[in-house]
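Quick notes on the structure that follows.
Quick note: residue numbers are just sequence positions, from 1.
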Amino acid sequence: MEKIEHTTVRTNGINMHIASIGTGPVVLFLHGFPELWYSWRHQLLSLSSLGYRCIAPDLRGFGDTDAPPSPASYSALHIVGDLIGLLDHLGIDQVFLVGHDWGAIIAWWFCLFRPDRVKALVNMSVAFSPRNPNRKPVDGFRALFGDDYYICRFQEPGEIEKEFAGFDTASVMKKFLTGRSPKPPRLTKELGLRAWETPETLPPWLLEEDVNYFASKFSKTGFVGGLNYYRAWNLTWELTGPWTGLQIKVPVKFIVGDLDITYHIPGVKEYIHNGGFKRDVPFLQEVVVIEDGGHFINQEKPDEISQHVYDFIQKF
């Protein structure tokens, strides 16, 4: 881990912290919520040892990267803009893109906006979701799951932050990272996060020092930067009308754990396996469903995921 270099790059009006290691073709790793560059610690080490230059930023709003206060500063156009600026600053023309959770959503947009900068994509957890011109995404989740669904509860600025503040940051991280129920996560106003279990012992893939690293950063920044991605979701929908109906035109491998909440959203399995996914992502080459895999698959099964990434990108 001490071989990983940490630098700050000025891009798109913000200062962005990046972790990087290795030389060779560039792999750009995009993390999710509530996470950091650190979620890719295992892949940075393994892929760099196989001849790749691995770069994992703290995305806008996270960790040591700037966090503009307004949710309106977190549309997909902002986030992809940060990443294009990062690549331009580093003089990098094309990358292999690897995303998970919100990082996967951003990676899909990256491929729609700038396919010329992507050699191939390995995405995890969140399948492509074509823009529905008739319904905003948060409205769609509310219709499916109701007001207590976590994405809906995240919408009101200040409300969920207050909820999180009732727990120490390490406990919040443990609640998120160790959850393995495929059921829709709910945060009722009565119980809130108390309904989410805090494990007495951590699973073998997650060490106390890992939890403490995440907690040390989020206790400084709070969770608002990450929550703003959810709050800007409908804004992204409003801004991206011109891309409605566009296919993802880069080679893709998709990986999801069979216990991931995203895999159990009504209609998603059918979309992935019955032709819809391939219709919208015509160069989709592989779909991998990992048995007994939870949401944080890149941390939970690091060697398997690193191998899956390498097996795919080494073809190009």
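- When the shell of 6.0 Å around CD of E197 is examined, it contains 12 or fewer heavy atoms from other residues, nucleotides or ligands.
- For S75, the side-chain contact (heavy atoms from CB on, under 4.5 Å) partners two or more places apart in sequence, or in a different chain, are L77, H78, L235, T236, L239.
- For the pair E200 and K174, the salt-bridge criterion is not met [side-chain N within less than 4.0 Å of a carboxylate O].
- At least one donor-acceptor pair closer than 3.5 Å links the side chain of T11 to the backbone N or O of L86.
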**Prompt:** So F145 and Y150, side-chain contact (heavy atoms from CB on, under 4.5 Å) or not? Walk me through it.
**Reply:** CA-CA 9 Å; F145 299 119; Y150 77 107; over 6 Å; no
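- To the nearest 0.5 angstrom, K119 atom NZ is 8.5 Å from D93 atom CG.
- Counting only heavy atoms from C-beta outward, the side chains of I21 and E5 never approach each other to under 4.5 Å.
- Within 6.0 Å of the NZ atom in K3, the count of heavy atoms belonging to other residues, nucleotides or ligands does not exceed 12.
- Defined by atom type and a distance below 3.5 Å, a donor-acceptor pair is missing between the side-chain atoms of S219 and T169.
- Judged purely by atom type and a 3.5 angstrom limit, N212 uses its side chain to pair as donor or acceptor with the backbone of E208.
- Rounding to the nearest 0.5 angstrom, the gap separating the CG atom in D311 from the NE2 atom in H308 is 7.5 Å.
- Residue Y38 is grouped with residue M124 when hydrophobic side chains (ILVMFWY) are merged at heavy-atom distances under 4.5 angstrom, including chains of intermediate members.
- One finds the OG atom of S46 at 10.5 Å from the CD1 atom of I305 (value rounded to the nearest 0.5 Å).
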Donor-acceptor pairs under 3.5 Å, side chain of residues 134-141 to any protein atom, not counting sequence neighbours: which ones?
{"unit_1": "K136", "atom_1": "NZ", "unit_2": "E238", "atom_2": "OE2", "d": "3.1"}
{"unit_1": "D139", "atom_1": "OD1", "unit_2": "N234", "atom_2": "ND2", "d": "3.4"}

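- Qualifying side-chain contact (heavy atoms from CB on, under 4.5 Å) partners for V95, counting only residues two or more places apart in sequence or in other chains: V26, L28, L87, I92, L97.
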**Message:** Show, in sequence, the C-alpha distance, side-chain angles and deciding distance for H264 and K183, and conclude whether the side chain to side chain donor-acceptor pair (under 3.5 Å) test is met.
**Reply:** CA-CA 7 Å; H264 293 267; K183 292 177 182 166; over 6 Å; no
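- In this structure the side chain of F110 never reaches within 4.5 angstrom of the side chain of L112, judged on heavy atoms.
- Within the 4.5 Å cutoff, side-chain heavy atoms of L30 are placed close to those of L83.
- Cluster annotation: F254 is not connected to F283 through the hydrophobic network of ILVMFWY side chains, with a link wherever side-chain heavy atoms come within less than 4.5 Å.
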**Message:** For a side-chain contact (heavy atoms from CB on, under 4.5 Å) check, start with the C-alpha distance between S39 and N298, then their side-chain angles and the critical distance, and finish with the verdict.
**Reply:** CA-CA 7 Å; S39 298; N298 47 335; 4.2 Å; yes
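- A donor-acceptor pair is defined here as one N or O able to donate and one able to accept, closer than 3.5 Å; no such pair exists between the side chain of R142 and the backbone of I151.
- Transitive grouping of hydrophobic side chains (ILVMFWY, heavy atoms separated by less than 4.5 Å) brings F277 and W243 into a common cluster.
- The pair D66-R60 does not meet the salt-bridge criterion, since no charged nitrogen lies less than 4.0 angstrom from a carboxylate oxygen.
- Note on R153 versus E159: salt bridge recorded, some NZ/NE/NH1/NH2 to OD/OE distance being below 4.0 Å.
- Contact check on D210 versus R41 returns a salt bridge, with a Lys/Arg side-chain nitrogen under 4.0 Å from an Asp/Glu carboxylate oxygen.
- Scanning both residues, G226 and F62, for their nearest heavy atoms gives CA-CZ, 3.3 Å.
- Between I160 and E163, the closest side-chain pair of non-hydrogen atoms falls below 4.5 Å.
- Inspection of the S306 and D303 side chains reveals no N or O donor paired with an N or O acceptor under 3.5 Å.
- None of K217, H17, H6, H31 except one satisfies the side chain to side chain donor-acceptor pair (under 3.5 Å) rule with D58; the exception is H17.
- Both I297 and Y310 are members of a single hydrophobic cluster when ILVMFWY side chains are connected at heavy-atom separations under 4.5 Å.
- Contact of the W233 side chain with the Y74 side chain is not registered, since no non-hydrogen atoms from C-beta on lie closer than 4.5 Å.
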**Request:** Output, in order, the C-alpha distance, side-chain angles, deciding distance and verdict of side-chain contact (heavy atoms from CB on, under 4.5 Å) for F128 and V252.
**Result:** CA-CA 11 Å; F128 182 60; V252 173; over 6 Å; no
**Message:** Please determine whether ring pair (Phe, Tyr, Trp, His ring centres under 6.0 Å) holds for the pair F218 and F214, giving the CA-CA distance in whole Å, both sets of side-chain angles, and the decisive distance to 0.1 Å.
**Reply:** CA-CA 6 Å; F218 281 105; F214 284 115; 7.0 Å; no
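- The nearest pair of heavy atoms linking L47 to F29 is CG-CZ, 4.4 Å.
- Between R131 and D280, none of the side-chain N atoms (NZ, or NE/NH1/NH2) sits under 4.0 Å from a carboxylate O, so this pair counts as no salt bridge.
- Proximity of Y213 to L36: side-chain heavy atoms (C-beta onward) are separated by under 4.5 Å at one or more points.
- Placement of I261 and L259 in two distinct hydrophobic clusters is found when ILVMFWY residues are connected by side-chain heavy-atom separations under 4.5 Å, directly or transitively.
- Across all non-hydrogen atoms, the minimal contact from D101 to H295 is OD1-NE2, 2.8 Å.
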**Asked** Under the side-chain contact (heavy atoms from CB on, under 4.5 Å) criterion, do L44 and H42 qualify, and how do the steps go?
**Response** CA-CA 6 Å; L44 290 177; H42 305 293; over 6 Å; no
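- For V118 against Q94, the heavy-atom pair with the smallest separation is O-NE2, 4.0 Å.
- Checked against W102 for a ring-ring contact (aromatic ring centres under 6.0 Å, His included), the options F33, Y229, W108 give a single hit: Y229.
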**Item:** Audit row: E300, R180, salt bridge (charged side-chain N to carboxylate O under 4.0 Å, His left out) steps and yes/no
**Value:** CA-CA 11 Å; E300 190 182 312; R180 285 177 69 74; 2.7 Å; yes
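- Inter-residue side-chain proximity for P130 and Y271 is flagged as met; some heavy-atom pair is nearer than 4.5 Å.
- Annotation for G22 and S48: closest pair CA-CB, 4.0 Å, computed over non-hydrogen atoms.
- Residues V27 and R53 have side chains not in contact (no heavy-atom distance under 4.5 Å, counting atoms from C-beta outward).
- Residues C152 and G146 share a closest heavy-atom pair of SG-O, 3.6 Å.
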